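Just so it is clear, the model here is predicted, and its values are computed rather than measured.
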Amino acid sequence: MKGFKQFVVVVLAVLIGISGFWNPSATDASWNKNKPVTKGEFIKQLVTTLGIDLQDGEIPYTDVDADLKPFLEAAIRTNILTDITETSFGPNEKVTREQAYVFLIRSINLRDSYSMDTLKEFNDYQAINPAYFQELSAATELGLIDKNSRTFQPKKPVTKYEMQTMFHQYETMFEFITVIHTNDLHGRIMYNENNKELGLAKINELANKARSKNPTFLIDLGDTFHGTNYVNINRGQAAVDAMNAMNYDAMVPGNHDFNYGQDRLLALRDMLNFPLISANVLKDGSPFLDGYSIIERNGKKIALIGLTATDTAVKTNPAGIEGITFEDEVTVATEMVAQLKNDVDVVVGISHSGVDTDTTIANEVDGIDVIFGGHSHSTIESPIKYKYGYVTQAFEHGKALGHTNLIFHDGNLVGVNGFLYRDSEDKTEDQAIVDILQPYKEQVDRELNEVIATTSVKLDGERTDVRTKETNLGNLITDAIRSKLGTEIAVTNGGGIRASIQVGDITRNHVLSTLPFDNTLVKTTLTGEEVLASLEHSVRLYPSENGGFLHVSGINFTFDPKKPAGSRVVEVLVNGEPLNLTQTYSVATNNFIAAGGDGYTMFSLENVEFDSGELLSTILIEALQSNKPIPGVEGRIKITP
């Protein structure tokens, strides 16, 4: 309660006059408590009070000035303003009582509907806009509107004094507990301005600001320990050190948190100062981790149930999860909620199962209140209410950060609202976290300049070459990924190869300049017909440069550029045998192509059998260090004269 009261003080300083804003004798002799408030003023004050992150998004209104625009964008993003069909907002129109209470109620994002019976007791009930019945019924039942008054006066303009009173009621009648949540960081622990990745130091600064206003807890929804050199080199230690200092309260492991193997994940768990939980992960039939944790904030007990995606079995290295099984998330969630709901005030899922599974749980599991999600990298700007619970998720890589409020009235959870932060110049880094991460950054920077291999031939990654023809570097990469996964075929797009590697010493930095994207190694399947279609797609633009031009391993094919696009491939051999259009082939590629990138619609995420999480750059380094001969240009891709 202490944190929330601090928040109240801040609000009252703005709205009631502690700072003088609402006190005409203190700052503004012209201030008139009876002066009507405009719609623009009310929305601006509501967004400010809620602390919604202001962003440079577009709005449909043409009558709004630059100062007000970010506040309306925030209100639209968080569903305070809904059903927008007009291009005019009317920012200077007087806000009416019914409009003001509707905005307040929408900002709460209520979990339940309320009876209209009390609303009908007002003598002027018929004057209320029927479109507002639901919100105004809630405002009355929750005590924002005096139900003992005989009239409501829905069309009466709100004065400054009345707005101050509304906000005072808002902050005294409702209690907020804030959840700051991260998901799918994939090792993006450092601030990256170019990619708009917040990094853990900025995330902690935002978490601390939330803590200064409300009782707050900080959670992570998985896929954090693996993904970039800043965590891969130290096998997750850098993330652990920073997260401990940030006072995280709980984390659920994602599929890629198993990439170092189950023993390393358990070692990382033992280093954490907070629980790593998942209720549906079993080892030889017994729980692999604790299934839940109970957090207490402001006198409220909140149960957190961890859930890890069942497809982890095919999205991490099988060698690292030997003996581990992943039970059905919906079944386990149902069992855990039944076990916990009578002993706590709120039950939430912290899930790395994807938005589809989370939505199913929210619709099917009675007793679940909120699901904080990861895995599908979904962008949910404000929590979405389903039959039983809310679902939210904050995109990926720290490009967004979740801020969700659990809202209580008379001790009961009545709503869940929230928003996503994005990077901006006004967000600063917490120096303490910067200092913790700096040695890891320096280590990585040193290792980037470390010589890891040598080459006696130039590895051709020139843009004009990798986008139009076979090169020795393209062959080396595809041979390496095919060997790594033991597939029949491997393909990768030339657009992902960005530089050559010259004769002589090779550093990690050379490799990362050649393969700068965070593309990971994936195993999928294609029919022979789909293989042929992919090759046709690869050469359709020849002789023009094409980032989707495929480099191949396990395949030799010939195409005739004089023929129409889509009918150019004249011969395909797979490991020396003619392509069988009805046969299914195992294929190694990168996750970009596997998801249909560069227009490869014949690939589908549904057919992905295994996502290693390993960067192509890592696979190339292993190949360069293997001392195996570097393939030449061997005629894998031939052009008819």
Side-chain angles (χ1 to χ4, degrees), residues 179-188 218-227 231 236 239-240 243 248-260 262 264-266 268-269 272 274-283 287-293 303-317 320-321 324-333 336 348-362 365 368 370-380 389-398 400-402 404 520 591 605 608 610-613:
V179 185
I180 302 296
H181 46 105
T182 54
N183 63 275
D184 298 284
L185 290 176
H186 289 271
R188 271 69 168 190
L218 176 61
I219 57 175
D220 183 80
L221 291 318
D223 276 6
T224 297
F225 296 143
H226 183 277
V231 289
V240 167
M243 294 172 77
Y248 267 84
D249 290 282
M251 174 183 176
V252 62
N255 50 296
H256 289 303
D257 294 315
F258 286 87
N259 280 9
Y260 306 120
Q262 56 184 288
R264 178 58 179 173
L265 181 58
L266 290 176
L268 293 172
R269 177 204 61 183
L272 294 172
F274 53 90
L276 180 71
I277 60 174
S278 189
N280 68 319
V281 183
L282 303 180
K283 173 66 182 291
F288 179 68
L289 300 167
D290 289 340
Y292 68 92
S293 178
L304 298 105
I305 300 169
L307 297 167
T308 300
T310 55
D311 62 9
T312 300
V314 296
K315 288 193 172 181
T316 192
N317 193 323
I321 55 172
I324 289 180
T325 56
F326 300 87
E327 304 301 300
D328 178 72
E329 301 100 325
V330 180
T331 301
V332 172
M336 294 300 296
V348 305
I350 64 171
S351 164
H352 192 88
S353 298
V355 70
D356 290 342
T357 299
D358 294 345
T359 301
T360 300
I361 294 171
V365 180
I368 196 76
V370 192
I371 303 172
F372 298 92
H375 192 46
S376 55
H377 298 215
S378 302
T379 302
I380 302 177
Y390 297 80
V391 172
T392 189
Q393 191 172 150
F395 192 31
E396 65 179 10
H397 301 171
L401 173 67
T404 298
T520 57
N591 60 337
L605 288 176
V608 170
F610 171 56
D611 182 345
S612 71

Distance from I219 atom CD1 to D249 atom CG, nearest 0.5 Å? 8.5 Å
When every non-hydrogen atom of P253 is compared with those of T308, the smallest separation belongs to O-OG1, 2.9 Å
Once you round to the nearest 0.5 Å, how far does CD1 of I350 lie from CD1 of I371? 12.0 Å
What's the shortest heavy-atom distance between H377 and H186, and which atoms? NE2-NE2, 3.3 Å
According to side chain to side chain donor-acceptor pair (under 3.5 Å), who are the partners of H181, at least two apart in sequence or on a separate chain? T404
If you define the side chain from C-beta out and look only at heavy atoms, does anything of L401 sit under 4.5 Å from I180? yes
Indicate whether any N or O donor in one side chain lies under 3.5 Å from an N or O acceptor in the other, for H375 and D223. no
Flag the pair L185 / D220 as yes when at least one side-chain heavy-atom distance between them is below 4.5 Å, and no otherwise. yes
State the CG-CZ distance between N280 and F288, to the nearest 0.5 angstrom. 12.0 Å
Classify the angle between the aromatic ring planes of F326 and F258 as parallel (below 30°), tilted (30 to 60°) or perpendicular (above 60°). perpendicular
Here the pair of heavy atoms bringing D257 nearest to F225 is OD1-N, 3.0 Å
If every non-hydrogen atom of L272 is compared with every non-hydrogen atom of L276, which pair is closest and at what distance? CD1-CB, 4.1 Å
L289 vs I277 side-chain heavy atoms within contact, under 4.5 Å: no
So, for G613 and N259, which heavy atoms are closest and what is the spacing to 0.1 Å? CA-ND2, 3.7 Å
Let me confirm one number: the CG-OH distance from L265 to Y260, rounded to the nearest 0.5 Å. 10.5 Å
For N183, give me all partners under side chain to side chain donor-acceptor pair (under 3.5 Å), at least two apart in sequence or on another chain. none
CE on M251 to OG1 on T182, rounded to 0.5 Å: 8.0 Å
Under 6.0 Å from the OH atom of Y292, do we count more than 12 heavy atoms belonging to anything else shown? no
Provide the closest heavy-atom pair for E327 versus T310 in the form atom of the first, atom of the second, distance. O-CG2, 3.2 Å
Under the side chain to side chain donor-acceptor pair (under 3.5 Å) test against D358, which residue among S351, S376, S353, S378 passes? S351
With rounding to the nearest 0.5 Å, note down the distance linking NE2 in H226 to NE2 in H256. 8.0 Å
Quick one, V348 with V179, criterion side-chain contact (heavy atoms from CB on, under 4.5 Å). Give me CA distance, side-chain angles, the key distance, then yes/no. CA-CA 11 Å; V348 305; V179 185; over 6 Å; no
Would you confirm whether N591, through its side chain, and T520, through its main-chain N or O, come within 3.5 Å as a donor-acceptor pair? yes
For T224 and M243: C-alpha separation, side-chain torsions, deciding distance, then whether side-chain contact (heavy atoms from CB on, under 4.5 Å) applies. CA-CA 10 Å; T224 297; M243 294 172 77; 3.9 Å; yes
